[in-house]
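Before any comments, here is the structure.
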Amino acid sequence: IDDVSFSLDNFIRKTEKDFRNVNNDLDDLATDFKGTVRKLKQGISDLEQLTQTLDKRLKEIEDLELIQEEKVEAAEND
């Protein structure tokens with residue numbers, strides 16, 4: 001009975017330690033996941049801002065082309 005009790009106590013200690021380790025690992029994963037989500041959100045925000053900037057620059061280039069075409073037409077008409 002003493003051997004069984006000793007084995008059971010060891011099993012309980014080891015099992016509790018394993019559960020603590022698993023909980024610690026889960027906490028670490030949750031922290032890593034939150035950091036990854038934060039980085040992804042920032043990356044998406046950066047891409048959205050870049051897209052807006054590129055759209056604005058494209059519009060400026062298109063407008064510039066129209067202005068240049070109008071100048072050519074005006075020069076041809078003079």
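It should be emphasised that the depicted structure is a prediction, and the values quoted were computed from it without experimental measurement. Positions are given from 1 along the sequence.
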Exercise for the section: I would like to know whether Glu76 and Val72 meet side-chain contact (heavy atoms from CB on, under 4.5 Å); could you show each step before the answer? Expected result: CA-CA 6 Å; Glu76 289 174 353; Val72 168; 3.5 Å; yes

Determine all donor-acceptor pairs shorter than 3.5 Å in which one atom belongs to a side chain in residues 40-54; sequence neighbours excluded.
residue : atom : partner : partner atom : Å
Gln42   : NE2  : Asp46   : OD1          : 2.8
Thr51   : OG1  : Leu47   : O            : 2.8
Thr53   : OG1  : Gln49   : O            : 3.0

Completion exercise
Residue pairs passing the salt bridge (charged side-chain N to carboxylate O under 4.0 Å, His left out) test with at least one member in residues 58-67, sequence neighbours excluded, are Arg57-Glu60, Lys59-Asp63

Completion exercise
For residues 12-23, the salt bridge (charged side-chain N to carboxylate O under 4.0 Å, His left out) pairs (sequence neighbours left out) are Lys14-Asp18

Exercise for the section: Decide if atom CG of Asn77 counts as having more than 12 heavy atoms of other residues, nucleotides or ligands within a radius under 6.0 Å. Expected result: yes

I need the [X] [atom1] to [Y] [atom2] distance, nearest 0.5 Å.
X     : Y     : atom1 : atom2 : result
Asp27 : Thr31 : CG    : OG1   : 6.5 Å
Leu66 : Glu73 : CG    : CD    : 10.0 Å
Gln68 : Glu70 : CD    : CD    : 11.0 Å

